[in-house]
Structures are given as C-alpha cells and as structure tokens.
Asker: 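To start, I am sharing the structure in question, which I have written as structure tokens.
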Number of protein chains: 2
Amino acid sequence: MNPATANIEEAILSAILAGRINPGTRLGEQKLADLFGVSRTRVREAMMRLETRGVVQVSARRGWYVVEPSAEEAREAFQTRRVIETGLLHSLREVPPDVLKSLKEHVAMERDAIGAGDVHSRACLLGDFHIHLADALGNRMLTEIIRDLTARTTLISMLYQPTEKAEESSHDHEDIVAAMEEGDLALAARLMDEHIGKVEAGLDLTAKPDPLAGLRALLSPAVFAGNAPSVPHTHEHPHEHSHSHGRPATKED
Amino acid sequence: MNPATANIEEAILSAILAGRINPGTRLGEQKLADLFGVSRTRVREAMMRLETRGVVQVSARRGWYVVEPSAEEAREAFQTRRVIETGLLHSLREVPPDVLKSLKEHVAMERDAIGAGDVHSRACLLGDFHIHLADALGNRMLTEIIRDLTARTTLISMLYQPTEKAEESSHDHEDIVAAMEEGDLALAARLMDEHIGKVEAGLDLTAKPDPLAGLRALLSPAVFAGNAPSVPHTHEHPHEHSHSHGRPATKED
DNA sequence: GCTTACAAACTTGTATACAAGCCTGTAAGC
DNA sequence: GCTTACAGGCTTGTATACAAGTTTGTAAGC
C-alpha cells in the first residue's frame, strides 16, 4: 500500500484509539490533505479504508465523520469482543513466558499511570491491554481485528460511558494475567468475559447519544420556563458533536 | 457507500467464496471497469476495500492480484477461525429455535448437493455453513469478520488442499448442529475445534504454492531428460497461476 | 544459436478539473 | 416578528489526462 495513505490511516486510527478524536468528528478531505501535505486523492483512499474497517462513515457530499455507534452496534461490538477474546484465551494451551512477562509489564505501566494520575496515557494503556494480548500471540490477523474492535468500543465509551472505572479495569487486567500465569486459562477466559461484561454494563446504552447534550448543559433552566432565547448559532455541523465538554477521554476498559 | 463500488466488491468477494476465482488471478482495473461498465475510479475503490479485507493485493504498476496466502498466513487464518468460531459457540447460552431450524436446513442442503454430485453448489454450501452460523446469531460484525476469513481459507484450500473431503466435512457440520440441538454447546465448540483442525491438517502446507505446477504437469518427462523444447510462450503473467488444472474448486470445509 | 539491449505497449499512480448536492445566510413576503 | 424562498459558498463525487514504471516483443551483436 502507498506509505502516505498508510500513514494517514494509521494516524487517524491511533488517534481514535488514544481517545484524541471524538465520535461524530467531521474529517474534511481538503483539511486533512493540507494537514498531511498530500492531495485529496490520498486522503480519500485512507478514508475508504477506514470506512471498511468500521471507524468512519461518509455522508454524501457533506463529509467524512467518525462513527457514532448506535446502542445496537455497541452491543454487537461488545459481544464480538467477548467472543473473540474469550475464544483466544480458551484456545491457548499454555502461555509463553515472554508473553506473560510483557503482559505483566503492561499491567504495571497501567498501575503507574493511574497512580500518577496521568489521564491520557492511562486511557491509552487500558485499551492497549487487549491489543497487546492479541499481539503477544503473534497472530497479526487477530491483532488487527481486535484493534479495529477496540477502536469501536473506545468510541462507544466516549458516547455512553457516564463514569470512569480505570482502577477497576486495571485490577481486572491484573487478575486475568494472574490466572494466565497460574496456567488456568479457563479462569482467565471467564474473568475476561466478566471484565468485558462489566465494562458494557457500566455504559448507559439507553441514553441515546444526544447531539445537543453539550449545548443543553450550557443553557440555563430559564430556557425551559418558556422565555427561551433563540439557540445561538454555533456554526457547528448538526452531526458534529463537541463531546469535549470536560470529561477526559476514557477508554472502555 | 457507492452502490456501484459495493457491487464490484461484493461480486468479487462472492466469486472468491464460491471458488470461481483462483488465488493469484490478476484483476486488471481497466478490464474490470469495462466488465462492470464503470470507470477505473470505482474499480480502484473496490480493490482498495478488498485489500483492506485481505483478499487482494496490489503490485505496483503491475496490477491487482487475488492473494496467495503463505503457509504462515494459512496457519494464522485457521487459528483465527478456530478462536472465533469456538468462542462463538462457547459464548452462547442457548440456541434460538429458528436458528437451529435454519442450520438443519442448511446441512440438509449440503447432503443433497453431495448426493447429487453437484460439485459447485456443494463447495459453496460447505463454506457458507460457517457464515450461516454467524449470521444466525444476528451479529453483523461477527458475520463480516467470518466472511472475510472464510474467503481467505477458501483461497488457502485452493492452493494447498490435495484431497477433497466434502462428505466428512458435512458430517462434522451435522454433528455440530446435533450438539447444539441438545444444548451441549461445549461439545459443539469442541467439535468445531476438531473440525477446523481436521480441515487444516488435510492441507499440505509444506508444499509451497508453485507458480509452475500447472505448467510442469503439461510437460512430458522428456523435458527432464535433457532435450527440452523451449517453454512455449503462454502469454501468462508470471504471477498468474492457472490453478484451473482440472481439480474442482473445493472449499476448505 | 544464444544473449543482450532497446523500444513499444500496457498498467497503475496521482493530480486536477469540473459536476452535483448540501448547508448557511439573507432578504422578501405575510 | 415569523416563515419561506433563494443565492452563494463549500464539500464531496467522478472522470479524465498525464506521469511513471513494468512487461513483452524485436532486432542487433557476439
């Protein structure tokens, strides 16, 4: 594949994984072309690839948007992750020592980031745990699949997660690795199942992603008393939610 | 997505799934554009999407080729399928009656096709069983993932499978469905694991895909006795193997 | 007869121009 | 004051032209 196109694709995907791009964000072709110093053609290629991978969508003649998964799609994504990640642990007969070592190191880094209050790298690390696990197996197909799924669940969390549970997630990861170390992979699989279930349960999927949520929060209660001032022109695209209303970008696990 | 692009993508993918396009086949942009009555632009879009999905590859300024998975990639693909499909069965608590019904119908169709000696639809059906299983769950993400994986394993089978085992595969499918009917999903998962393992074991991954295999078969032993006639010009691309040397296109399961 | 060099044809890579549609801002009419 | 119609700007959709590289066919030289 063209290296420039691959770079754009990778840059956007990892920005999503790191929680640095919000769901619903508009990605204009020309703007990205200028940003990366390439022509629109390349950007379009990258976008179409990302569309195939399920992280962006095109709205005809309006632009490319980072996906905003529906509640239904969220359920599917978590189900899929559960199937694959428990299946992965179940299919293992034993855990290679170097894999175990690198997973333990990863969990240690999670703990440190949480202890240091480093919100950003914490968010990255928590999502990366699962990718790291797949990667450690040396199966690139599986790694890529899980990467794409993680991108989606990251976006889902940004839309639906009302609370942060970084400590709990990290603890779960620790327990999973401990079970792997003891060679009890069935237990590890069960813990993973519960872990993903917990994360999913922590979401509020009934709360439809509300494009106006950020706006409403700004409006005073007087608005609802009848004497409403006209909604100020935000010059914001109706689909482009600014989810950047203070809540740190946390990943789903 | 553009409907024309989607059509091309779908047409090529399903042709691969049906075993009607061989691995290594060259897919020229202009040729496809003429065939589908669209411009090269659309064809390129479809090709890039298929590349993301892992079924075609581009060779710079030479053309697009249907992938020829290496032995290593073949192992990864089967491992991935095993992980996902056993994970899927394990994660099920119970099997909805309508799903069971449709799976039983599918297996019956397999039997009929085998009985009737209908090689082509048999090949289609055997691969479709797995897609059908995922589809029956109503999880579109999982279905698409398995579809892409099945495309790859289909190509792998065409490259490496020395023998056909349609009856055995269909029997395996029957047993899996039977276990599902009895509600013993752990058994179903184990059977699935063994089934995929059997299919993989049936391949000869040591036999590297040989671009000249088809050619050698045509040459008389005299060729190797020293007085070799010059190899006839085949006007065939060096990478374009004509795997269509008699063996019916069989899928891996 | 065999090898090597060269030219022509063909294929993809990339950019750009223009077409088509959507959104926003403004003004006219009620 | 409010609604509706319209124009302008902006963004993607699509095709096409040209650039760059690969393969193939041919002929000259050894």
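Computation of the quantities below employed the complete heavy-atom set of this structure, encompassing side-chain atoms and omitting hydrogens, waters and symmetry-equivalent molecules. The chains referred to below are lettered A, B, ... by the order of the sequence lines, with proteins before strands, and numbering in each begins at 1.
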Asker: Mind checking whether A:Arg44 and B:Glu45 have side chains closer than 4.5 Å, heavy atoms only?
Answerer: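 The answer is yes, as the side chains (C-beta and beyond) meet within the 4.5 Å cut-off.
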Asker: If you check every side-chain atom of B:Ser39, which of D:dA15, D:dT12, C:dG13 has the closest atom?
Answerer: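 Given the options D:dA15, D:dT12, C:dG13, the side chain of B:Ser39 is closest to D:dA15.
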Asker: If you pin A:Glu45 and A:Ala60 to their nearest nucleotides in DNA chain C, which one's is more 5'?
Answerer: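 It is A:Glu45, whose closest nucleotide lies nearer the 5' terminus.
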Asker: Roughly how far apart are B:Leu155 CG and B:Tyr160 OH, rounded to 0.5 Å?
Answerer: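 If we round to the nearest 0.5 Å, B:Leu155:CG and B:Tyr160:OH are 11.0 Å apart.
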Asker: Atom CD of A:Gln30 and atom P of C:dT16: how far apart are they, to the nearest Å?
Answerer: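 About 10 Å, once rounded to whole Å.
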Asker: What is the distance from CD of B:Gln57 to P of C:dT12, rounded to the nearest Å?
Answerer: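 Rounded to the whole Å, the gap is 15 Å.
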Asker: In terms of side-chain heavy atoms of B:Trp64, which of C:dA19, C:dT12, D:dA15 is nearest?
Answerer: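 Of the candidates, C:dT12 comes closest.
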Asker: Between C1' on D:dA15 and CZ on B:Phe36, what's the gap in Å once rounded to a whole number?
Answerer: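 The answer, rounded to whole Å, is 19 Å.
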Asker: Strictly below 4.0 Å, N to O, side chains only: are A:Glu200 and A:Arg81 in salt-bridge contact?
Answerer: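 No, A:Glu200 and A:Arg81 are not salt-bridged.
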Asker: Look at the side chain of B:Arg44 and decide which nucleotide, out of C:dT11, D:dA15, C:dG13, has an atom nearest to it.
Answerer: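 Nearest to the side-chain atoms of B:Arg44, counting from C-beta on, is C:dG13.
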Asker: Backbone N or O of A:Ser70 within a donor-acceptor pair of the A:Glu73 side chain at under 3.5 Å?
Answerer: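 Flag set: sc A:Glu73 to bb A:Ser70 pair under 3.5 Å.
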Asker: Rounded to the Å, how far apart are B:Glu29 CD and D:dA15 P?
Answerer: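 After rounding, the reported distance stands at 14 Å.
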Asker: According to the Watson-Crick and G-U wobble definitions, with both distances under 3.5 Å, which nucleotide is paired to D:dC30?
Answerer: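 In the structure as shown, D:dC30 has C:dG1 as its Watson-Crick or wobble partner.
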Asker: Under the 3.5 angstrom rule, does the side chain of A:Ser169 hit a backbone N or O of A:Ala166 as a donor-acceptor pair?
Answerer: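 Between the backbone of A:Ala166 and the side chain of A:Ser169 there is no qualifying donor-acceptor contact (under 3.5 Å).
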Asker: Separation of A:Asp34 atom CG from D:dT12 atom P, in whole Å?
Answerer: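 Taking atom P of D:dT12 as the reference, CG of A:Asp34 is at 11 Å.
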Asker: Could you state the CZ-C1' distance from B:Arg62 to C:dT12, rounded to the nearest angstrom?
Answerer: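 Checked: the CZ to C1' distance equals 11 Å.
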Asker: Counting only side-chain heavy atoms from C-beta out, which of D:dA20, C:dG21, C:dT14 sits nearest to B:Arg61?
Answerer: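 The closest nucleotide is D:dA20.
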Asker: What nucleotide, of D:dG13, D:dT11, C:dT11, holds the atom closest to the side chain of B:Arg26?
Answerer: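 Of the candidates, C:dT11 comes closest.
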Asker: May I ask you to verify whether the side chain of B:Arg40 and the base of C:dG13 hold a donor-acceptor pair under 3.5 Å?
Answerer: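 For B:Arg40, whose side chain was compared with the base of C:dG13, there is a donor-acceptor pair (under 3.5 Å).
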Asker: Reckon A:Thr41 touches a base, only the sugar-phosphate, or nothing at all at heavy-atom distances under 4.0 Å?
Answerer: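 Base: the residue A:Thr41, judged by heavy atoms under 4.0 Å, touches a nucleobase.
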